[in-house]
Every structure is written in structure tokens, then in C-alpha cells.
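Report on the following structure.
Here, residue 1 is the first one in the sequence, and each next residue gets the next number.
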Amino acid sequence: MRTPIIAGNWKMNNTIADTKALITDLIPLVKDAKAEVVICTPYTDLATAVEMTKGTNIKVGAENVHWAEKGAFTGEISANMLVELGVTYVIIGHSERRQYFGETDQTVNARVKAALAKGLKPIICVGETLEEREGGKVEEVLVRQTTEALKDIAKEELGNIVVAYEPVWAIGTGKTATAEVANDTIKIIRDTIAKLYCPACAEEKVRIQYGGSMNPKNVKELMSMPEIDGGLIGGASLKAADFSLVVNY
Ligand code: 13P
């Protein structure tokens, strides 16, 4: 019912030369994928990635977007600029942005609105820290992050939104949430969307990915869970062989 979506998040990796080599290798390896395939790259690689993936089944995403149309925001990039490049998706609210760059639930919501207004599809990241999990706050945190991110977003937009559940303690640590924990936690997010909109909206429209040390070894088990609609892949998206194994799980 919900088409699986596997997205790479390159983070601050890959020069243009690296991008050319990686995408050249990747195209033939993922051409028959059942899942939707996305690579989210640094701004400087986007034009190259879009150009190279034209006519393939790979879509390109950015890793952030500013909420304003234009203006005095040194160093920022607007939704229009991404659309003009041919970008389809944009990651919003990654935990690294929340942790290191002052991203809040409110700025996440502002970015989501700006992206949707220009036809970009947001991949909204939510997830608890280890402290929050150990303190029994998982539900509270995820309900809050999901509710705030979707504030004032119309029901009609839900089909254009992907949510990525990324437990902060599983990112880049080699620690994956067990398939059961990931599934149960994603259910909390889906139930929240059902309450905010309607059960069918949450069931049919919104795809929810798992992210956090997802790799060729654990992808099959994670993807076999009913609530997990895809993955947001960091480290394992930087090598064509590894990423293609995840994509073709
Ligand atoms: P890793 O796959 O490297 O743990 O990163 C996950 C992530 O943050 C994807 O956005």
C-alpha cells in the first residue's frame, strides 16, 4: 500500500568528484529497485547529482532548506533555489541540526511549510536521545516533535511528507534499534498522525522510515516490520555497493 522509500543522507561528505564516481557506480546497481530511491547530498553536489540521475530511478534531495523566500540570511538556501535545481526531497530537522545548529520544533515546522509551498517533499526527522529513552520519555518526545512539525499542515499535503524516525543513540554508533523497538516506536508516530488528521490518512498517506545504523545486514529484518516503510541511511549510503544492497533488500 505504501511504497517503500530508501534515502541516503550523505551528510557533509563527497566532493563533486566523489559524487560523480559514486553515482556512476550506483545507477546500474539500483535500476531495478522496488523501493523509491533517493540520495540527499550537500548543496554543492546537488546540480551534479540531478544532472547525472536524469532519466534514472534515483531522485535527489537536499539536507536542509531555509523557511524564508529570500533575503538577508547569509549562508542559507531557499526552497525556490532547490526547486530550480531539480531537487525533489529535502531532509528537515535532522538530529544533527537540532543538536549542533539550534534547530527547534518551531523552525522545523517553518521549514516544512516553506518546502511544501514550493512543491518539495520533506523528510521530517524525529527521534529521542538515549537520556530521553532511559527516562521513559519516548512517547512524550515523539508526540511533541511530530505534532509541532505538522502544525498548520493541511491533510492534502500528507502524501508528500515522509517522516524519518531516527533514535539519536543509534545514529553513527553501530547500535541499531531492534526491529521490534523501531516498529513499536514508529507506531507511536503513526498513531499521533492518526489523531491529528485521521486513521486512514496515517495508514495510507504517510511513509515513515527508520534511520540509525541501517545497513546491508539489518535492512531485511527492519523492512519486514509492518510499520517501517523505508530507511534513511547515513554511513552505508556512501559506498555504492553497500547502499545498493540496502536499496535492493
Ligand atoms: P547512520 O546510518 O550513519 O547511523 O546515520 C543515520 C542518519 O543519521 C541518517 O540521517
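Residues I92 and L196 share a single hydrophobic cluster, defined by chaining ILVMFWY side chains whose heavy atoms lie under 4.5 Å apart. Grouping the Ile, Leu, Val, Met, Phe, Trp and Tyr side chains by contacts below 4.5 angstrom, directly or via other members, places I27 with L46. Residues L142 and V162 do not share a hydrophobic cluster, clusters being chains of Ile/Leu/Val/Met/Phe/Trp/Tyr side chains in contact below 4.5 Å. Hydrophobic cluster membership differs between V138 and V181, with clusters built from Ile, Leu, Val, Met, Phe, Trp and Tyr side chains linked at under 4.5 angstrom. No continuous path of ILVMFWY side-chain contacts below 4.5 Å connects I91 to I186, so the two sit in separate hydrophobic clusters.
Annotation: side-chain hydrogen bond (donor to acceptor under 3.5 Å, both in side chains) contacts of K151 (sequence neighbours excluded): none. Residues that satisfy the side chain to side chain contact (heavy atoms under 4.5 Å, CB included) test with L116, not counting sequence neighbours, are V112, P122, I153, E157, N160, I161. A search for side chain to side chain contact (heavy atoms under 4.5 Å, CB included) contacts involving M12 returns nothing, not counting sequence neighbours. Every residue two or more places apart in sequence or in another chain was checked for a salt bridge (charged side-chain N to carboxylate O under 4.0 Å, His left out) with E140, and none qualifies. Under the rule for a side-chain hydrogen bond (donor to acceptor under 3.5 Å, both in side chains), N248 has no partner lying at least two apart in sequence or in another chain. Partners of K205 under the salt bridge (charged side-chain N to carboxylate O under 4.0 Å, His left out) rule, at least two apart in sequence or in another chain, do not exist in this structure.
For E139, the CD atom counts as loosely surrounded, since its 6.0 Å shell holds 12 or fewer non-hydrogen atoms of other residues, nucleotides or ligands. Atom NZ of K113 is surrounded by more than 12 heavy atoms from other residues, nucleotides or ligands within 6.0 Å. The environment of CD in E148 is crowded: more than 12 heavy-atom neighbours from other residues, nucleotides or ligands sit within 6.0 Å.
Within the structure, ring pair (Phe, Tyr, Trp, His ring centres under 6.0 Å) contacts touching residues 161-204 (residues at least two apart or in different chains) do not occur. The disulfide bond (SG atoms under 2.5 Å apart) contacts involving residues 59-135 comprise nothing, where partners must be two or more places apart or lie in separate chains. The stretch residues 53-96 participates, sequence neighbours left out, in these ring pair (Phe, Tyr, Trp, His ring centres under 6.0 Å) pairs: H66-F73. The list of disulfide bond (SG atoms under 2.5 Å apart) pairs with a residue in residues 182-231, not counting sequence neighbours, reads C198-C201. Applying the side chain to side chain donor-acceptor pair (under 3.5 Å) test to every pair with at least one member in residues 44-58, sequence neighbours left out, gives these pairs: T19-D45, E51-K54.
Salt-bridge annotation for D105 and R98: present, with a side-chain N of the basic residue lying under 4.0 Å from a carboxylate O of the acidic one. A salt bridge between E63 and R97 is absent, with no side-chain N of the basic residue lying under 4.0 Å from a carboxylate O of the acidic one. Using a 4.0 Å cut-off between charged side-chain N and carboxylate O, E96 and K11 make a salt bridge. Salt bridge annotation for D191-K195: absent, with no cationic side-chain nitrogen under 4.0 angstrom from a carboxylate oxygen. Salt-bridge formation is detected for the pair E36/R207: a Lys NZ or Arg NE/NH1/NH2 atom is positioned less than 4.0 Å from an Asp or Glu carboxylate oxygen.
Residues A240 and D25 come closest through the heavy atom pair CB-CB, 3.5 Å. Scanning all heavy atoms of the two residues, the minimum distance from Y210 to P167 falls at CE1-CD, 3.6 Å. Closest non-hydrogen pair, V141 versus G127, comes out as CG1-O, 4.2 Å. In terms of heavy atoms, P216 sits closest to V246 at N-CG2, 3.6 Å. Of all heavy-atom pairs spanning A177 and A170, the tightest one is N-CB, 4.3 Å. Nearest heavy-atom pair across A164 and I123 is CB-CG2, 4.0 Å.
Residues K121 and K59 are not in side-chain contact: their nearest non-hydrogen atoms beyond the backbone lie 4.5 Å or more apart. Inter-residue side-chain proximity for V37 and I6 is flagged as unmet; no heavy-atom pair is nearer than 4.5 Å. Side-chain contact between N14 and L22: present, with at least one pair of heavy atoms (C-beta onward) separated by less than 4.5 Å. You'll find the side chain of I39 stays beyond 4.5 Å of the side chain of N9, heavy atoms only. Residues L245 and V219 fail the side-chain proximity criterion, which asks for heavy atoms closer than 4.5 Å. Side-chain atoms of D242 and N215, non-hydrogen and from C-beta on, never get closer than 4.5 Å to each other. Using a 4.5 Å heavy-atom cutoff, the side chains of L130 and V168 are not in contact.
T176 contributes no side-chain N or O that, together with a main-chain N or O of T178, makes up a donor-acceptor pair within less than 3.5 Å. Using a distance-only test at 3.5 Å, with no hydrogens or angles considered, a donor-acceptor pair links the side chain of E132 to the main chain of T129. When atom types are taken as modelled, the side chain of T146 and the backbone of V143 share no donor-acceptor pair closer than 3.5 angstrom. Without hydrogens or angle criteria, Y249 side chain to A35 main chain gives no donor-acceptor distance under 3.5 Å. Looking only at distances, a side-chain donor or acceptor of Y43 sits under 3.5 Å from a matching main-chain atom of N64. Using modelled atom types, no side-chain atom of T107 and backbone atom of E103 make a donor-acceptor pair closer than 3.5 Å. No donor-acceptor pair closer than 3.5 Å links the side chain of N13 to the backbone N or O of T41. A donor-acceptor pair under 3.5 Å is absent between the side-chain atoms of S78 and the main chain of K70, judged by distance alone. In terms of modelled atom types and a separation under 3.5 Å, the side chain of N109 and the main chain of Q106 share no donor-acceptor contact.
Distance check, rounded to the nearest 0.5 Å: CD of Q209 to CD1 of I189 gives 11.0 Å. Rounding to the nearest 0.5 Å places CD1 of I171 at 8.5 Å from OG of S213. Annotation: the span from K118 atom NZ to N80 atom CG amounts to 4.5 Å, rounded to 0.5 Å. The CH2 atom of W10 sits 7.5 Å away from atom OG of S237, with the distance rounded to the nearest 0.5 Å. With rounding to the nearest 0.5 Å, the separation of CG in L85 from OG1 in T88 is 11.0 Å. L222 contributes atom CG, which lies 9.5 Å from atom CD of E180 (distance to the nearest 0.5 angstrom).
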Could you pull out every donor-acceptor pair under 3.5 Å between side chains of residues 226-236 and any protein atom, sequence neighbours left out?
from, atom 1, to, atom 2, distance (Å)
E227, OE1, R190, NE, 2.5
D229, OD1, R2, NE, 2.9
D229, OD1, R2, NH2, 3.1
D229, OD2, R2, NE, 2.9
D229, OD2, R190, NH2, 2.8
D229, OD2, I208, N, 2.9

Chi angles and distances behind the side chain to side chain donor-acceptor pair (under 3.5 Å) call for R133, T185: CA-CA 11 Å; R133 178 160 285 272; T185 316; 3.3 Å; yes

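When only modelled atom types and interatomic distance are considered, S95 and Q99 share no side-chain donor-acceptor pair under 3.5 Å.
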